[in-house]
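One-based numbering, in listed order, for ligands and for the atoms of each. Sequence positions, counted from 1, serve as the residue numbers for this chain. All values below come from the heavy atoms of this structure, side chains included, with hydrogens, waters and symmetry mates left out.
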Amino acid sequence: MNGRFWARHAWTGTLERDVPNDVPNDVPNDVPSDVLSDVLIEVSDGRISEIRASAAPGDAVILDGLVLPGLANAHSHAFHRALRGATQSGGGTFWTWREIMYRVAAALTPESYLRLARAVYAEMALAGITCVGEFHYLHHAPGGAAYDDPNAMGEALIEAAAQAGIRITLLDACYLSSGFGLPPDETQLRFSDGSADAWAERVSALKDRDHARIGAAVHSVRAVPAAGLGVVARWAGERQAPIHAHVSEQPAENEGCLAAYGVTPTRLLADHGVLGPRATAVHATHLTTEDVALLGGSATTVCMCPTTERDLADGIGPAREVQEAGSPLSLGSDSQAVIDLFEEARAMELDERLRTRRRGHWTAAALLRAATTDGHASLGWPEAGRLEVGALADLVTVSLDSVRTAGPSQALSHGLSHGLSHGLETAVFAATAADVTDVVAGGRVIVRHGVHQLVPDVPRALREAIAGLGA
Ligand SMILES: [Zn+2]
């Protein structure tokens, strides 16, 4: 895909390296916040071939706002979108929420999952997400029988991403147990391959393609017995593939793990070779000091999902501590309570403010780095998530002109030097997904002026896909 785009403003992040770093030990905030103006971006073969500031638009496609690299949604369960609004009445806990979630899981077929995921991924595209990490565990037919193609459900997700114009890393999850030493329950039979070796054999039949890469996942230490952890880790290691795991989202998981194995979930994963630079710990909410050191010391990414964690009353994870210990951070919409990575990014900072009663834990640029560069890297797409020559041409335009964003950022157009990064603060602290106007993925325009180019009526697609489930 070739093309030429002209951005009124563009955050070039890692491109501009001449910014003095006056806080040398402050790693999380060592992210340049430079915003360039009148930026011509040439694309050849889906990649950025040239970036030039202070250029005339000529015949380029005009992106009228602040252009960011594509956003990576590092943790998604597409079908949870069907629960939006359905789990908000009354009280309940994570565990009662899960009961309702299981009813939706029980209703899905490869055909209905394709329809639902296509609509959900189109919603993500409208929000500026150009790559999704789909943490996928709904593998088999009700009762646990394999479909004719044992990967029919995973293939449906890969096809859904293609139809929505975004990239996907299918994080195929091993899920064998309903709890420490317990067999899967009736719903969970759909998740289970019976053994870690059978999981590995099935997943090995899935192949990468242009828009899709295959990664591994350990659903959790609840769902994969210790003996299976090494099998999943080796499978990912042989392929240099990402490996993700839900970690310590709930104190009950920690208690169960301590009772079964005498160690924390993080320690158990470390002891079986799961942690490392290709690994992501999702949530990591309830950690010990040793857990923080294990995650950081192994450079395991930590994926925060603040809108889900607050929806499920999980707690606030130690994002700042794990990052200081060495973990990159990524962000995910997880339960799809909302799909808005700007909200996830600011929630991480704002939750930390509430916890510490102090402001300014991350700059806007550092939060955006989690939503772009580091998120993509955690999904096995290190060539995406940055505006620089050679990177995949994923461009997300945020309007600086909407009812939410108009105002301070306009200082940019008048060249006020102190205003040079204001667009970033606006994007992170005021914009919502609704302010994304145009999205380019791999040089292809998939959203133009707020309209998805492949799924023209996304609300209708969502409505029909969810109504069709009858759950
Ligand atoms: Zn999850």
May I have the list of side-chain donor-acceptor pairs in residues 231-239 shorter than 3.5 Å, sequence neighbours left out?
unit_1: Trp235; atom_1: NE1; unit_2: Ser204; atom_2: OG; d: 3.0
unit_1: Arg239; atom_1: NH1; unit_2: Trp235; atom_2: O; d: 3.1
unit_1: Arg239; atom_1: NH2; unit_2: Ser204; atom_2: OG; d: 3.3

### Closest non-hydrogen atom pair between Ile214 and Lys207, with its separation
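Between these two residues, the closest heavy atoms are CG1-C, 3.9 Å.
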### Query
Aromatic ring centroids of His77 and His75 under 6.0 Å?
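Yes, the ring of His77 comes within the 6.0 Å limit of the ring of His75, centre to centre.
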### Message
Taking 2.8 Å as the limit, list every protein N, O or S atom around the Zn ion (ligand 1), by chain and residue number.
### Response
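Hits for the Zn ion (ligand 1) below 2.8 Å: His75 NE2, His77 NE2, His246 NE2, Asp334 OD1.
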### Query
How about Arg209: does its CZ atom have over 12 heavy atoms from other parts shown lying under 6.0 Å from it?
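Check passes, neighbour count above 12.
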### Message
Looking only at the side chains, is there a donor atom on one of Thr307 and Glu344 sitting less than 3.5 Å from an acceptor on the other?
### Response
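On atom types as modelled, these side chains qualify, holding a pair under 3.5 Å.
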#### Entry: Euclidean distance, Gln188 CD relative to Tyr175 OH, rounded to 0.5 Å
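Result: 3.5 Å between the selected atoms.
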